[in-house]
Colleague: 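This is the structure I want to talk about, given as C-alpha cells.
Quick caveat, the model's predicted, so the values are computed rather than measured. Read the numbers this way: they start at 1 and go in the same order the structure lists the ligands and their atoms.
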Amino acid sequence: VKSNSIYRFEMFDDEMDQRVKNERLILSTKEQALREQEFLIYLQPKIELIPNKIVGAEALVRWRRPDGSMLQPGAFIPLFEENGFVLLLDFYVYQEVCKLIRGWLDEGRTVVPVSVNVSRLHLYQRNFVEEIRKLINEYQIAPKYIEFELTESILLDNTELAVSVMKELQSIGFHVSIDDFGAGYSSLNLLKDMKADVLKLDKGFFREGEMKRQEKIIVSNIINMAKQLDMRVLSEGVETKAQLEFLKEVYCDMAQGYFFAKPMPVQQFEEMIMGSKYET
Ligand code: C2E
Ligand code: MG
Ligand code: MG
Ligand code: MG
C-alpha cells in the first residue's frame with residue numbers, strides 16, 4: 001500500500017509538471033501564434049428546426065500548433081482570460097469573421113449570420129462597442145450578419161454593465177444571444193432585466209441518453225417563457241434524433257450540436273451550405 005501511494009504521488013507530480021510545461025508553452029508562444037495565423041476559425045451550423053435549414057453558424061476558435069496538433073479553446077481561452085490576451089484573440093476572430101462575410105457577399109454566395117463569443121474582459125473595455133463598429137465599417141458589413149454571444153455567467157457577474165453593453169450592441173443592429181442559459185443558479189432572474197434576441201439553452205440539458213421527464217418539463221417551459229418574452233430559442237449540444245424530435249414538439253426554434261454537425265473548417269462549412277444536405 002505504501003509504495004503504491006508513493007507511486008501515485010509521483011504520477012500526480014509528473015502530470016502537474018506536464019501541465020505547467022504546457023501552460024508555459026501556451027503563454028510563451030501566443031503572440032507569435034497570432035502573427036503566424038495559427039488560430040483558426042471553425043464554424044458550427046445553427047439549424048432552424050421547422051423548416052429544416054441552416055440559418056447561421058457559430059465561430060469557434062482552434063489553435064493549430066506548428067507541430068500539427070490542434071488545441072481546443074478550453075485549453076487556452078481560460079489562460080488568455082487571466083492575462084488579457086483574450087482581448088486580442090477575440091478581435092482577431094471578429095476580424096476574420098468580418099472578412100469571411102465580406103468574401104461571401106463579394107462572391108455572391110449564400111450569406112448566413114455568424115455568431116462570435118464575448119469574453120468577460122471586453123465588458124470592462126470602454127471602447128469595446130466602438131471598436132466593433134469600426135471593424136464592420138472597415139469591412140462594410142451590415143450588423144445583422146454578426147451576433148454576439150454573452151454567457152450567462154458573464155451576465156450574472158455584472159448584470160448592469162452587461163445589460164448596457166448588450167443594449168448598445170443591439171442599438172447598432174447587432175443580434176445578441178445569452179449563451180449557456182440554464183447552466184447556473186439564478187439564470188431566470190436575468191430575463192427580467194434584459195431582452196436578448198436569442199436564448200441559447202445550455203448543452204447540459206441534452207446530455208447523453210434519454211432526457212429525463214423533469215428535464216423535458218424545464219426545457220419546454222423555458223422555451224415557452226422565452227417566446228412570450230419575444231426571444232428565439234436555440235438548443236445547444238443536441239446529439240440525438242430523440243432530442244431533436246422532442247425539441248420540435250415543444251417548438252424550439254433552432255438547434256446546434258453534433259447530431260447535425262461538429263464545428264468544421266470554413267471551407268467545409270461553405271461546401272455544406274451550398275450542398276444538398278440542408279436547403280438554405
Ligand atoms: P460555447 O460558446 O458554449 O460553444 C459551444 C461548445 O459546445 C463548443 O465547444 C462546441 O464545439 C461544443 N459543442 C457543440 N455541439 C456539441 C454537442 O453536440 N455535444 C457536445 N458535448 N459539445 C458540443 P468548443 O469549441 O470547445 O468551445 C468551448 C468554449 O470556448 C465555447 O463555449 C466558448 O465559451 C469558448 N470559445 C470558443 N471560441 C471562442 C472565441 O473565439 N472567443 C472566446 N472568448 N471564447 C471562445
Ligand atoms: Mg458560444
Ligand atoms: Mg454555449
Ligand atoms: Mg460554454
Colleague: Ignoring hydrogens, just give me the one of Val116, Asp180, Leu87, Thr240 whose non-hydrogen atom is nearest atom 3 (O) of ligand 1.
Modeller: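 Checking each option, the heavy atom nearest atom 3 (O) of ligand 1 is found in Asp180.
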
Colleague: Check whether any heavy atom of Gln256 sits under 4.0 Å from an atom of ligand 1.
Modeller: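 Not so, Gln256 does not reach ligand 1.
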
Colleague: Find all atoms of ligand 1 within a distance of less than 4.0 Å from any non-hydrogen atom belonging to Ser119, and give their numbers and elements.
Modeller: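 What qualifies from ligand 1 is 44 (N).
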
Colleague: Taking atom types as modelled, find out whether Ser235 and Lys203 have a side-chain donor-acceptor pair closer than 3.5 angstrom.
Modeller: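 On atom types as modelled, these side chains do not qualify, holding no pair under 3.5 Å.
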
Colleague: OE1 (Glu149) to the Mg ion (ligand 2) to OE2 (Glu58): angle, nearest 10 degrees?
Modeller: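 About 90°, to the nearest ten degrees.
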
Colleague: Looking at Val61, which atoms of ligand 1 are within less than 4.0 Å of one of its heavy atoms?
Modeller: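 Going through ligand 1 atom by atom, the ones under 4.0 Å from Val61 are 38 (N), 39 (C), 40 (C), 41 (O).
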
Colleague: Check whether Gln243 reaches the backbone of Thr240 with its side chain - one donor and one acceptor, N or O, closer than 3.5 Å.
Modeller: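 Judged by distance alone, yes, a pair lies under 3.5 Å.
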
Colleague: Minimum distance, heavy atoms only, to atom 33 (C) of ligand 1: which one of Asn117, Leu121, Leu89, Leu71 is it?
Modeller: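 Among Asn117, Leu121, Leu89, Leu71, the closest heavy atom to atom 33 (C) of ligand 1 belongs to Asn117.
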
Colleague: If you round to 10 degrees, what value do you get for the angle at the Mg ion (ligand 3) between Glu236 atom OE1 and Asp180 atom OD1?
Modeller: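 That angle works out to 100° after rounding to 10°.
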
Colleague: Which of the listed options, Arg62, Gln72, Lys203, holds the heavy atom that is closest to atom 7 (O) of ligand 1?
Modeller: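 That would be Lys203.
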
Colleague: Classify the angle between the aromatic ring planes of Phe76 and Trp63 as parallel (below 30°), tilted (30 to 60°) or perpendicular (above 60°).
Modeller: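 Plane angle over 60°, so perpendicular.
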
Colleague: Have a look at Asp179 and say which of its N, O or S atoms is nearest the Mg ion (ligand 2).
Modeller: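 So the atom name we want here is OD2.
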
Colleague: May I ask you to check whether Glu270 and Trp104 show a side-chain donor-acceptor distance below 3.5 Å?
Modeller: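 Trp104 and Glu270 do have a side-chain donor-acceptor pair below 3.5 Å.
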
Colleague: N/O/S atom of Ser177 under 2.8 Å from the Mg ion (ligand 2), yes or no?
Modeller: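 No - counting backbone and side chain alike, Ser177 has no N, O or S atom under 2.8 Å.
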
Colleague: Using modelled atom types and a 3.5 Å cut-off, is there a donor and acceptor pairing between side-chain atoms of Glu215 and backbone atoms of Phe206?
Modeller: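 Checking the backbone N and O of Phe206 against the side chain of Glu215, no donor-acceptor pair under 3.5 Å is found.
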
Colleague: Going by the atom numbers of ligand 1, which of them fall below 4.0 Å from some non-hydrogen atom of Gln44?
Modeller: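 Listed by number with element, the hits are 14 (C), 15 (N).
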
Colleague: Val238 heavy atoms, cut-off 4.0 Å: which ligand 1 atoms fall inside?
Modeller: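 Checking each atom against Val238, I get 18 (O).
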
Colleague: For Asn158 and Leu161, indicate whether the former's side chain and the latter's backbone hold a donor-acceptor pair under 3.5 Å.
Modeller: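 Looks like yes, one N/O pair under 3.5 Å.
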
Colleague: Side chain of Asp202, backbone of Phe181: donor and acceptor closer than 3.5 Å?
Modeller: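 Not at all, since once roles are kept as given, no pair shorter than 3.5 Å links the two residues.
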
Colleague: Given Tyr258, Phe80, Phe260, identify the one with the heavy atom nearest to atom 17 (C) of ligand 1.
Modeller: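 Closest candidate by heavy-atom distance is Tyr258.
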
Colleague: With respect to Glu58, determine whether any N or O atom, backbone or side chain, lies less than 3.5 Å from an N or O atom of ligand 1.
Modeller: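 Yes, Glu58 has an N/O under 3.5 Å of an N/O on ligand 1.
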
Colleague: Quick one: does ligand 1 sit under 4.0 Å from the side chain of Asp90, the backbone, both or neither, non-hydrogen atoms only?
Modeller: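 For Asp90, the contact with ligand 1 is made by the side chain alone.
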
Colleague: Quick check on Lys262 - does any of its heavy atoms sit under 4.0 Å from an atom of ligand 1?
Modeller: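 No, Lys262 has no heavy atoms under 4.0 Å from ligand 1.
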
Colleague: Short list, please: which atoms of ligand 1 are under 4.0 Å from a heavy atom of Asp179?
Modeller: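 Taking each heavy atom of Asp179 in turn, ligand 1 has 1 (P), 2 (O), 3 (O) under 4.0 Å.
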
Colleague: Considering only heavy atoms of Pro263, which atoms of ligand 1 have at least one such atom less than 4.0 Å away?
Modeller: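 Reading through ligand 1 atom by atom, the close ones are 11 (O).
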
Colleague: Taking atom types as modelled, find out whether Asp90 and Ser119 have a side-chain donor-acceptor pair closer than 3.5 angstrom.
Modeller: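 Yes, side-chain donor-acceptor contact under 3.5 Å.
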
Colleague: Of all the heavy atoms in Gly74, does at least one lie under 4.0 Å from an atom in ligand 1?
Modeller: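 No heavy atom of Gly74 comes that close to ligand 1.
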
Colleague: Could you tell me whether the side chain of Lys30 and the main chain of Leu27 form a donor-acceptor pair under 3.5 Å?
Modeller: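 At least one qualifying donor-acceptor pair exists.
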
Colleague: Are Glu236 and Gln256 close enough that a side-chain donor and a side-chain acceptor fall under 3.5 Å?
Modeller: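 Per modelled atom types, Glu236 and Gln256 side chains form no pair under 3.5 Å.
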
Colleague: Where the side chain of Asp180 meets the backbone of Glu152, is there a donor-acceptor pair that is under 3.5 Å apart?
Modeller: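 No.
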
Colleague: Identify, by atom number and element, the atoms of ligand 1 in contact range of Glu239, meaning under 4.0 Å from any of its heavy atoms.
Modeller: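 What qualifies from ligand 1 is 17 (C), 18 (O), 19 (N), 20 (C), 21 (N).
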
Colleague: Should Lys200 be listed as contacting ligand 1, given a heavy-atom distance under 4.0 Å as the test?
Modeller: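 No, Lys200 has no heavy atom closer than 4.0 Å to ligand 1.
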
Colleague: Regarding Arg65 and Thr29, is there a side-chain donor-to-acceptor distance under 3.5 Å anywhere?
Modeller: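 Yes.
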
Colleague: Scan Phe128, Tyr94, Phe148 and name whichever one has a ring-ring contact (aromatic ring centres under 6.0 Å, His included) with Phe174.
Modeller: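 Exactly one pass, corresponding to Phe148.
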
Colleague: Counting heavy atoms only, which part of Ile77 comes closer than 4.0 Å to ligand 1: side chain, backbone, both or neither?
Modeller: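 It is the side chain that touches ligand 1; the backbone stays farther off.
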
